[in-house]
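In what follows, chains are A, B, ... by sequence order, proteins preceding strands, each numbered from 1.
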Amino acid sequence: MVALTFPDGARREYPPHTTGFDIAKGISPSLAKRTVAMALDGMLADLNDPIERDAKIEFLTRDDPRALELIRHDAAHVLAEAVQTLWPGTQVTIGPVIDNGFYYDFFRNEPFTTEDFGAIEKKMREIIARDRPFTKEVWSRDQAKKVFRDKGEAFKVELVDAIPEDQQIKIYKQGDWFDLCRGPHMTSTGKVGNAFKLMKTAGAYWRGDSSREMLSRIYGTAFAKQDELDAYLKQIEEAEKRDHRKLGREMDLFHFQEEAPGSVFWHPKGWTLFQTLENYIRRRQQAAGYAEVNAPQLIDSSLWVASGHMATFRDVMFLIEPKEEDERTYVVKPMNCPGHVQIFKNGLKSYRDLPLKIAEFGKVHRNEPSGSLHGLLRVRAFTQDDAHIFITERQIAEEVLKVNDLILSIYADFGFDDVHIKFSDRPDKRIGDDAVWDKAEAALMAALQTSGRPWTLNKGEGAFYGPKLEYVLRDAIGRDWQCGTVQVDLNMPGRLGAFYIDEHSNKVTPVMLHRAMFGSLERFIGNLIEHYAGHLPLWLSPLQAVVATITSDADDYAREVIAAARRTELRVEGDLRNEKINYKVREHSLAKVPVLLVVGKKEAAEHTVSIRRLGSERQQTMPLDAALDALSQEAVPPDVARMKKAA
RNA sequence: GCUGCCGUAGCUCAGUGGUAGAGCACCCCCUUGGUAAGGGGGAGGUCGUCAGUUCAAUCCUGACCGGCAGCACCA
């Protein structure tokens, strides 16, 4: 007998091989009807699976949050059947559930377009209405391969071969159609319901390998209920309004143009924001003992050969080819590290100098693949808040931890509380011995564990010279972008001939930490704009307030207000145009100006201002001095405010 | 880089095998109006670039450039 524990704590015994459906039916026919799947010890399973072991059992209805992935996975199968019905000869590959939906990859000479969606969705609704049960069969490898080979499903044959020997080959049928699948599924296609939608098509490489076939991917989403689907679609619409490329234009921060793809034209306001952030980092790192330097933009290619960058990244580096035979080949720097190593090497260093922290706002250029460019988030010319920390091996853990703390405290100042940390270990393409990598990874891991923050493993994604921690921010529509990073490098200092003299007068190769906090100023600004949906806090706003007049009678007073505000170092402009106040309010609100100081006859007479904050429809009238005091205090950067408080 | 889609005024977009339109923005005039668009007038485009087809191309075809989505890449 197997003993099953129910959610209410009841414990009952059943003969082995009893299915979940039998048990549900035994409890009540209506429960059996409502149930779409079960969970055994928390693991989702087919309701018709025979139960072989003692377990906690739960019956899932369609509305259970855990059933959502089943709805989506089943929808992917329904999608695949619909496509193969409409376009026989199309090969199926895989169709997993992802965040917010599912996709299915097909192989077909003619890729799908959104124009096909109407027909596909219609066919899907037919299949769902047919409500055929999902049934599972376990096949032998040879049988599965033969069946798929005979059907012309070459990709499925490859998948069968890829399934580990100790795992079963499971086939799920839904009427006549079937698919190789690890499951589980709900009880029938009808359970998918009609709250689904195909979203977009895209190309995707078979098995994520750019040397393999390009498949045609159809993305879709599905929910238990229509109103949830509607809410999701609405949310996407809202998220798109936060797109930094759109806001960047509306706020007049920057633009891009054809002649310089992937490079930013910063406008006055955008550049003010850029400098505000640069100054913030400058203060933070000076306080943490970094010295700022500046290294050449163009360096002879020999240095990049020595560093190993040429071998790994030549095709994405900008090279300046010699015009004459005897001239050098220069490289537009794609990284700051070799430059910083030269500064370290210039002059003999003692162990007493360590840790030595060299920082630079280094503008680097990388010829990124055209398809990867994305607004400010992925550019070809960007500014790293880069630093290299030269240390002894024994200082690794302590210094990594300091960097980690510094980065997290910086992100908190911008309201990024849920930063993802990823640990990326050795990649296939790398320099240095495995023993050295063992050491570097262990040191990084030790620091990570000491910090106690949650993290995930990014297998094989480290830099070619060392493992790294990545600090990842998420954009408005859920895409992840690496921003901060700290990397342990036991390779490059040795390759570039850096050493220090230890207490026994021996030459020793230092360990180098690479670290960036924003990562790229450009990318960080992009994330920042989306994070705040353009509503930047006062200290970051490039234009903090606009003084707007109601009639020209107030012009003189408005000029007085502007001058007084500028004396408190607020970034203020005046709007004395012959326009109605409604018009001015609308315009500056759309431009996301955080504070409007409205002045008319009344304010001029009383020496006050009427304050309207972005996002609020209310105003508050205050004496001018008090208003400017409050605003200039609010405009103090958070780190400066902390220092003042501590003093 | 790959697959698909897209490229008309500063922005958002309409349109046609016979060399182009709207709204907003811009300039001028009227209006001095209390918190998200007052009214009138004007200027502005070699329809992404280069070839080809055609009597004729912004429109059809091709290549290239750029953008968007996804994939691949990301020191």
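Within the shown strands, B:G70 is the pairing partner of B:C2 under the Watson-Crick or G-U definition, both distances less than 3.5 Å. Pair assignment for B:G21: B:C13, on the basis of Watson-Crick or G-U wobble contacts that are both within less than 3.5 Å. A 3.5 Å limit on both hydrogen-bonding distances identifies no Watson-Crick or G-U partner for B:G45. With a cut-off of 3.5 Å on both Watson-Crick or G-U wobble distances, the partner of B:G52 is given as B:C60.
For the C1' atom pair drawn from B:G17 and B:G40, the interatomic distance equals 38 Å after rounding to whole Å. Across B:G41 and B:U12, the matching P atoms stand 27 Å from one another, rounded to whole Å. The gap from the C1' atom of B:G52 to that of B:G70 amounts to 33 Å, rounded to the nearest Å. Between the P atoms of B:U8 and B:U3, the separation comes to 24 Å (whole Å). The gap from the P atom of B:C13 to that of B:A69 amounts to 14 Å, rounded to the nearest Å. Across B:C6 and B:A63, the matching P atoms stand 15 Å from one another, rounded to whole Å. Across B:A20 and B:G45, the matching P atoms stand 12 Å from one another, rounded to whole Å. Taking atom C1' in both B:A56 and B:C74, one finds a spacing of 50 Å when rounded to whole Å.
The phosphate of B:A69 (OP1 or OP2) has a side-chain N or O of A:Arg479 nearer than 4.0 angstrom. Using a 4.0 Å cut-off, no side-chain N or O of A:Tyr103 falls inside it from OP1 or OP2 of B:A69. Considering only side-chain N and O atoms, A:Arg249 lies nowhere under 4.0 angstrom from the phosphate OP1 or OP2 of B:A25.
At a threshold of 4.0 Å, the pair A:Arg479-A:Glu530 does not count as salt-bridged, since none of the basic side-chain nitrogens sits closer than that to a carboxylate oxygen.
Residue whose closest nucleotide on RNA chain B sits further toward the 5' end, between A:Ile477 and A:Met335: A:Ile477.
Taking only side-chain atoms of A:Thr113, from C-beta outward, the nucleotide of B:G4, B:A75, B:G34 with the closest atom is B:G4.
Per the stacking criterion (ring centres < 5.5 Å, plane angle < 30°), A:Tyr465 does not stack onto the base of B:A75.
Residue A:Arg245 is classed as a sugar-phosphate contact, given heavy-atom separations below 4.0 Å to backbone atoms only.
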